[in-house]
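Numbers here are sequence positions counted from 1. Keep in mind it's a predicted model, so treat the numbers as computed, not measured.
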Amino acid sequence: LQIISMCIWFFYFGSAYAQDNYRTEILANYGSSKDDDIEVKMYDIVAGIHFSPVDTTGHPLAEADFLERVGGIVLAVGKVEAKSGSTVDADGPFYGLAVALMKPDYPLTANVMYIKTEAEFEAPYDGEMTIDFYGFNIGKFISDGLLAFVGYSHTESDTSLPGLLESTR
């Protein structure tokens with residue numbers, strides 16, 4: 001199994017905060033996975049807005065919002081492409097929304113998320129598939145960098161491949 005992933009981070013720094021704080025993140029991602037049966041490629045752009053400034057002092061930049069317990073909203077939009085041999089070829093957009101509710105010096109958190117993926121299949125399997133993912137979790141910080149949580153997620157799919165497969169789950 002070969003996995004290649006690249007992530008580019010851009011941060012908006014307000015002039016009043018120098019480079020010790022940020023409130024907005026924009027990421028561009030590319031990921032690829034390939035094995036003997038299937039090859040999958042994903043491209044996306046993710047934008048996050050935090051409810052209060054994230055202090056990066058003494059923290060890895062990628063983990064600062066978690067370690068500082070700063071909640072926010074994240075939006076994602078992208079494209080997925082999948083190929084299996086010479087017969088299955090599908091691609092389509094995906095969209096996502098996540099909200100993290102947490103507060104500095106408060107031990108409880110809550111997160112909700114939704115992701116929708118739509119894929120169209122090329123010949124010989126002309127058709128489409130829609131996948132909806134819903135999830136939430138609640139948690140408690142046990143220490144500064146350790147969060148214990150419980151969660152629930154649900155996935156629904158609707159597939160229409162005329163003459164081959166039609167289902168709703």
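- In terms of hydrophobic clustering, with Ile, Leu, Val, Met, Phe, Trp and Tyr side chains grouped at heavy-atom distances under 4.5 Å, Phe121 and Ile131 are assigned to a common cluster.
- Within the structure, salt bridge (Lys or Arg N to Asp or Glu O under 4.0 Å) pairs that include any residue of residues 73-98 comprise Lys79-Glu81 (at least two apart or interchain).
- For Leu108, the CG atom counts as densely surrounded, since its 6.0 Å shell holds more than 12 non-hydrogen atoms of other residues, nucleotides or ligands.
- Within the structure, ring-ring contact (aromatic ring centres under 6.0 Å, His included) contacts touching residues 69-110 (residues at least two apart or in different chains) do not occur.
- Distance CG/Leu75 to CD1/Ile49: 7.0 Å, rounded to 0.5 Å.
- Between Ser84 and Asp37, the shortest heavy-atom distance links the atoms OG-O, 2.8 Å.
- Looking only at distances, no side-chain donor or acceptor of Ser160 sits under 3.5 Å from a matching main-chain atom of Gly127.
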Under 3.5 Å, sequence neighbours excluded: what are the donor-acceptor pairs made by side chains of residues 135-144?
residue, atom, partner, partner atom, Å
Asn137, OD1, Asn111, ND2, 2.9

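- Cluster annotation: Leu101 and Tyr152 are assigned to the same hydrophobic cluster (Ile/Leu/Val/Met/Phe/Trp/Tyr, side-chain heavy-atom contacts under 4.5 Å, transitive).
- Nearest heavy-atom pair across Val70 and Ser52 is CG1-O, 3.2 Å.
- Considering every non-hydrogen atom in both Pro104 and Glu68, the closest pair reads CG-O, 3.5 Å.
- In the hydrophobic cluster analysis, where Ile, Leu, Val, Met, Phe, Trp and Tyr join through side-chain heavy atoms closer than 4.5 angstrom, Tyr43 is grouped apart from Val80.
- Expressed to the nearest 0.5 Å, how far CG of Asp65 lies from OG1 of Thr56 amounts to 11.0 Å.
- The structure places CG of Leu67 at 12.5 Å from OG1 of Thr57, a figure rounded to the nearest 0.5 Å.
- Across every non-hydrogen atom of Thr24 and His50, the tightest pair is N-CD2, 4.5 Å.
- The minimum heavy-atom distance linking Asn21 with Asp55 is given by the pair OD1-CA, 3.3 Å.
- Once rounded to the nearest 0.5 Å, the distance linking CG of Leu97 with CD1 of Ile73 reads 7.0 Å.
- For the residue pair Phe66 and Gly145, the shortest heavy atom distance occurs at CE2-O, 3.8 Å.
- Counting non-hydrogen atoms of other residues, nucleotides and ligands closer than 6.0 Å to CZ of Phe149 gives a total of 12 or fewer.
- Applying the salt bridge (Lys or Arg N to Asp or Glu O under 4.0 Å) test to pairs two or more places apart or on separate chains, those with a residue in residues 112-136 are Lys116-Asp132.
- One distance of note links OH of Tyr30 with CE of Met42; it measures 11.5 Å at 0.5 Å rounding.
- Phe51 meets the ring pair (Phe, Tyr, Trp, His ring centres under 6.0 Å) test with no other residue; sequence neighbours excluded.
- Rounded to the nearest 0.5 Å, atoms CG (Asp44) and CG (Asn29) are 4.5 Å apart.
- Applying the salt bridge (Lys or Arg N to Asp or Glu O under 4.0 Å) test to pairs two or more places apart or on separate chains, none has a residue in residues 100-115.
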